[in-house]
Number of protein chains: 2
Amino acid sequence: MDGDVRAGLGHLDSTSDRAVFRQIADQLRDAIGRGRLSEGEQLPSEAQLIDHYGVARMTVRNAIQVLQAEGLVVAEHGRGVFVRPRPPVRRLAADRFARRLREEGKAAFIAEAEQAGSTPAVDNIVIREERPSPDIAARLNIKGKVLARHRRCLLDGRPVETATSFIPLEIARGTPITDPNPGPGGIYARLEELGYHLGHFEEEVRARMPDPDEAKVLLLAPGVPVFHLIRTAYDTDDQPLEVCDTVMATDAYILSYRLPAR
Amino acid sequence: MDGDVRAGLGHLDSTSDRAVFRQIADQLRDAIGRGRLSEGEQLPSEAQLIDHYGVARMTVRNAIQVLQAEGLVVAEHGRGVFVRPRPPVRRLAADRFARRLREEGKAAFIAEAEQAGSTPAVDNIVIREERPSPDIAARLNIKGKVLARHRRCLLDGRPVETATSFIPLEIARGTPITDPNPGPGGIYARLEELGYHLGHFEEEVRARMPDPDEAKVLLLAPGVPVFHLIRTAYDTDDQPLEVCDTVMATDAYILSYRLPAR
DNA sequence: CAGTGGTCTAGACCACTGC
DNA sequence: CAGTGGTCTAGACCACTGT
């Protein structure tokens, strides 16, 4: 026995040309993958790993940092390093903007959350007139100003997405769409009441690492990417009515879509 | 003047409680964001940053590592650190599995690539019978074995995705689906020839950091997440015919979907 | 308080790139 | 060859957590 630091970690292969910190990362990753270290469980402390492997502290820290960048572990100052718990994941259905939901008086985010038994919340609401970016202007096919509706959405107290809707000011001005709470069914319901008939949505999905602001607002752990969605709502004449720019925590969502076979 | 290391980097705020390496990362990130350092351009070397800020090497390296984890820069051993070039992005259309493409004799990946003016390629093809994972078995609603068709797809020489299709062995056995090259239109065309009528597809989209194997096969830079798609093909009776598990480089793709409004 | 991770220094040697 | 980043050591001091 060699003071095995639990989890059955092995030895270093000094003949290998693989860097020591990578070998340590490999062994910890393997322990996590095999379930010898399970979700939420604490990894051996830096001091224990230093003893076990007989290396300098930076070597151990480099190993742990590799795992952090992979999203496998989270370090908590003063407490330890833990296998990253997988938060509950919400599956966004392909029909999440179906009219029946609006008719039930639910905005999409609220409806989805309640259907899944979670408690939704919305904060950081900012509504103002803006000159749109060239990209937004092009998507809306307009030259003038827009109404921008920004908010952050939370599930069971955990921030999961920020979103900004852009609506041509010509459409939004003087309507409940300019209110912080636009009423039952959300702004899509208001648009339909105003005589705009929603035809379909187009959604573009990207994924990337968050910038520091996004990581802060969404309380993202290192190694957790974001979805960046840009959704355009079209009326039945294929005229754009709204663009919604959304940044979502990828550890909180699975996006689901239905594709036609013809 | 203080040997300004190009790019107009500023000074450290010693009164700030923000860590020095984060301040350095902030300044470099800002320089990139403002275009003072543009795509592909080389950052000041570690030695230059050490001189400029008067800090230890590890401090500078920590700063650069922050930017790497954000996907903003790539380090090349012996050459320097460079603002990560944005590779050309392929937009995957919502109708990419439309029948007309199969009838034109193109598999989806090939059709998409050629339509966009790129040169597609496929390698690492492995086809074999397997006992499916519980998840795959459940999606296919079967108990028996599957035919697994694995491949890696490249655009203009750059690997962009790996994919594995799972087809119930009962369906695939003794058909061209078991061939490395299943013929024009891909396996979906073969399925239809066999009398299965494709009705629709359901696609689940996740994003996460790659594991080391995925990073290697897709030549992913640090800080580049992957899309993980699981697509199920259904026939017109809503019976599953195939499941395709795909891992894609997120810096190579924008996924595009059409959502119904009712 | 002891134990944890966070930051930083000052060096060393190595491996890769390009002239 | 000089210049670059990659790895590693051996320390120091700090900040946070929990007892």
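Worth saying up front: this structure is predicted, and the values here are computed from it rather than measured. A note on names: the letters A, B, ... follow the listed sequences, proteins ahead of strands, and every chain is numbered from 1.
Side-chain contact between A:Arg29 and A:Leu67 is present, with at least one heavy-atom pair separated by less than 4.5 Å. Using a 4.5 Å heavy-atom threshold, the side chains of A:Tyr257 and B:Leu255 count as separate.
Listed nucleotides: D:dG5, C:dT9, C:dT7. Nearest to the side chain of B:Val81: D:dG5. Out of C:dG18, D:dG6, D:dA15, the shortest distance to the side chain of A:His77 is found at D:dA15. The B:Ser45 side chain lies nearest to D:dG5 when the options are D:dA10, C:dT9, D:dG5. Relative to the side chain of B:Met58, the nucleotides D:dG5, C:dG5, D:dC8 differ in distance, and D:dC8 lies closest. Side-chain atoms of A:Arg61 lie closest to C:dG6 of the nucleotides D:dT7, C:dG6, C:dT9. Comparing C:dT9, D:dG5, D:dT17 by their closest approach to the side chain of B:Thr59 singles out C:dT9. When each of D:dT9, D:dG5, C:dT17 is scored by its nearest atom to the side-chain atoms of B:Arg79, the top-ranked nucleotide is C:dT17.
In terms of modelled atom types and a separation under 3.5 Å, the side chain of A:Glu214 and the main chain of A:Asp211 share a donor-acceptor contact.
Rounded to an integer number of Å, the gap from CG of B:Asn62 to P of C:dG5 is 17 Å. The separation between A:Ile64 atom CD1 and C:dT7 atom C1' is 15 Å, rounded to whole Å. The CD-C1' distance, from B:Gln65 to C:dC8, rounds to 15 Å in whole Å.
Between A:Arg57 and A:Gly78, the residue anchored nearer the 5' end of DNA chain D, judged by the nucleotide with its closest heavy atom, is A:Arg57.
Checking C:dT17 for Watson-Crick or G-U wobble geometry (two distances, each under 3.5 Å) identifies D:dA2 as its partner. Across all strands shown, D:dT9 forms a Watson-Crick or G-U wobble pair with C:dA10, both key distances being under 3.5 Å.
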Determine, step by step, whether A:Val73 and A:Leu28 satisfy the side-chain contact (heavy atoms from CB on, under 4.5 Å) criterion, reporting the C-alpha distance in whole Å, the side-chain angles of both residues, the deciding distance to 0.1 Å, and the verdict.
CA-CA 10 Å; A:Val73 305; A:Leu28 290 169; over 6 Å; no

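One cannot find a donor-acceptor pair under 3.5 Å joining the base of C:dT7 and the side-chain atoms of B:Arg18.
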